[in-house]
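Before any comments, here is the structure.
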Amino acid sequence: MRKSLITIILSIIITFSCTKGQHDKSDKTNDTIEVCYLKGWRKSSIPVSCQEFAKSVQQIDVDTTIFINKELFGELNKCFITKKQIDTLYCDTKILIKKDSLHLCLYDCDCDSNQTAIDLQTIYKLKTISGYYNFWTKEMLSYQKEIEMFGIPNNYKYYNEDKHLDTITLIKDLGKPVKVLLVKEN
């Protein structure tokens, strides 16, 4: 009898703890924004659409997790509440911003800047926080509209500065996508 009672109590505890863990996990997805991008400037011979880019980075592991305060997270989250994506077939997708099942894409600097209705300051913050600018030389950064307006970020450091990769290795490495997870601090 005593063994049966202990077994029943343990079963109840395990059941509730497993259910709670699943609930917590689903709540956490609401507190994250995923940012995927290609390192540096790459020109594709055929433009990559937003949907194609989203598929190509789907299986990539997260490289970096960055915790951001609630206010900044709320500001970035507004992109998904009030803005719409205008997908253009002639532009190369360079950045995918994903929250839950919603996603927005940013295109390269050769395209018209009105493809997304996200303001330049928000784009600047997303690129700065995610480390996007660190894969661009200062010379290449000077061609970015948001850099012209807000300047080079204080945390900017060109990633090849310390590595001193040879040209062939550098070119191969620049072709790899990066996935950054922005997590809202509690």
Side-chain angles (χ1 to χ4, degrees), residues 19-42 47-89 91-136 141 144-157 159 176-186:
T19 306
K20 185 180 184 323
Q22 290 171 354
H23 184 330
D24 288 349
K25 186 177 181 181
S26 65
D27 286 348
K28 293 296 180 194
T29 59
N30 293 330
D31 294 343
T32 61
I33 297 173
E34 191 176 282
V35 181
C36 303
Y37 56 85
L38 295 175
K39 297 176 184 178
W41 184 82
R42 301 277 299 196
V48 178
S49 73
C50 188
Q51 288 80 13
E52 290 170 346
F53 190 71
K55 283 181 190 175
S56 71
V57 297
Q58 199 170 19
Q59 301 301 322
I60 295 173
D61 292 330
V62 173
D63 293 295
T64 307
T65 300
I66 300 171
F67 293 90
I68 57 176
N69 65 46
K70 291 178 186 179
E71 292 78 23
L72 182 56
F73 187 88
E75 190 177 323
L76 299 177
N77 193 39
K78 286 180 187 176
C79 299
F80 297 96
I81 297 167
T82 60
K83 307 304 180 193
K84 65 177 186 169
Q85 175 72 42
I86 303 166
D87 198 9
T88 54
L89 298 175
C91 290
D92 234 1
T93 302
K94 297 299 181 193
I95 300 176
L96 170 73
I97 308 159
K98 185 177 174 191
K99 182 164 184 349
D100 302 324
S101 62
L102 304 171
H103 67 272
L104 295 169
C105 287
L106 302 178
Y107 301 96
D108 68 14
C109 53
D110 292 342
C111 291
D112 178 38
S113 63
N114 295 321
Q115 278 118 26
T116 60
I118 303 172
D119 64 284
L120 279 179
Q121 187 170 16
T122 303
I123 290 172
Y124 177 79
K125 287 178 182 180
L126 274 165
K127 288 180 176 182
T128 299
I129 294 166
S130 68
Y132 176 82
Y133 294 126
N134 294 338
F135 294 98
W136 292 66
L141 280 179
Q144 299 281 318
K145 284 185 181 181
E146 64 273 14
I147 294 293
E148 288 177 20
M149 290 180 70
F150 306 109
I152 293 176
N154 293 335
N155 66 345
Y156 169 78
K157 182 174 181 176
Y159 91 109
K176 297 176 186 172
V178 173
K179 187 181 281 188
V180 177
L181 195 62
L182 305 178
V183 180
K184 178 173 73 172
E185 291 178 334
N186 290 328

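All heavy atoms count here, side chains included; hydrogens, waters and symmetry mates do not. Computed from a prediction, not measured in an experiment: that's the story for all the values here.
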task: Taking all non-hydrogen atoms of both residues into account, name the closest pair between Gly131 and Phe135 and its distance.
output: O-CD1, 3.6 Å
field: Qualifying residues under side-chain contact (heavy atoms from CB on, under 4.5 Å), relative to Ile66, sequence neighbours excluded
entry: Thr64, Ile68, Ile129, Val180, Leu182
message: Using the side chain to side chain donor-acceptor pair (under 3.5 Å) criterion, which residues pair with Glu146? Sequence neighbours excluded.
response: Lys127, Tyr133
message: Under the rule for side chain to side chain donor-acceptor pair (under 3.5 Å), what residues qualify as partners of Thr122, not counting sequence neighbours?
response: Asp119
message: Using 0.5 Å steps for rounding, measure from the OG atom of Ser130 to the NZ atom of Lys125.
response: 14.0 Å
task: Heavy atoms only: give me the nearest Lys70-Asn186 pair and the separation to one decimal.
output: CE-C, 3.6 Å
message: Please find the pair of heavy atoms, one from Ile152 and one from Tyr124, that lie closest to each other, and give the distance.
response: C-OH, 3.9 Å
query: Distance from Thr128 atom OG1 to Asn154 atom CG, nearest 0.5 Å?
result: 9.0 Å
field: With sequence neighbours excluded, residues passing side-chain contact (heavy atoms from CB on, under 4.5 Å) with Val62
entry: Thr65, Lys179, Leu181
- prompt: How far does CG of Leu126 sit from CD of Glu75, to the nearest 0.5 angstrom?
  reply: 9.5 Å
Nearest heavy-atom neighbours spanning Ile33 and Lys99: CG1-CD, 4.0 Å
message: For Phe150 and Leu120: C-alpha separation, side-chain torsions, deciding distance, then whether side chain to side chain contact (heavy atoms under 4.5 Å, CB included) applies.
response: CA-CA 9 Å; Phe150 306 109; Leu120 279 179; 4.3 Å; yes
- line: Heavy-atom nearest pair, Ile60 first then Pro177, reads CD1-CG, 3.3 Å
- prompt: Which atom names give the shortest non-hydrogen contact between Phe73 and Thr32, and what distance separates them?
  reply: CZ-N, 3.6 Å
task: Please list, chain by chain and in numerical order, all residues satisfying side-chain contact (heavy atoms from CB on, under 4.5 Å) with Asn69, sequence neighbours excluded.
output: Glu71, Leu72, Glu185
query: Residues two or more places apart in sequence or in another chain: which of them pass side-chain contact (heavy atoms from CB on, under 4.5 Å) with Gln58?
result: none
field: Distance in Å, Lys94 NZ paired with Leu38 CG, rounded so as to fall on 0.5 Å steps
entry: 5.5 Å
Derivation of the side chain to side chain contact (heavy atoms under 4.5 Å, CB included) call for Ile147 and Trp136: CA-CA 12 Å; Ile147 294 293; Trp136 292 66; over 6 Å; no
statement: Taken to the nearest 0.5 Å, the spacing of Glu34 CD from His103 NE2 works out to 11.5 Å
query: Does Asp31 reach the main-chain N or O of Val183 with its side chain, forming a donor-acceptor pair under 3.5 Å?
result: no
message: Can you classify the ring geometry of Tyr37 versus Tyr132 as parallel (below 30°), tilted (30 to 60°) or perpendicular (above 60°)?
response: perpendicular
message: Return the CD1 to SG distance between Ile95 and Cys105, rounded to the nearest 0.5 Å.
response: 9.5 Å
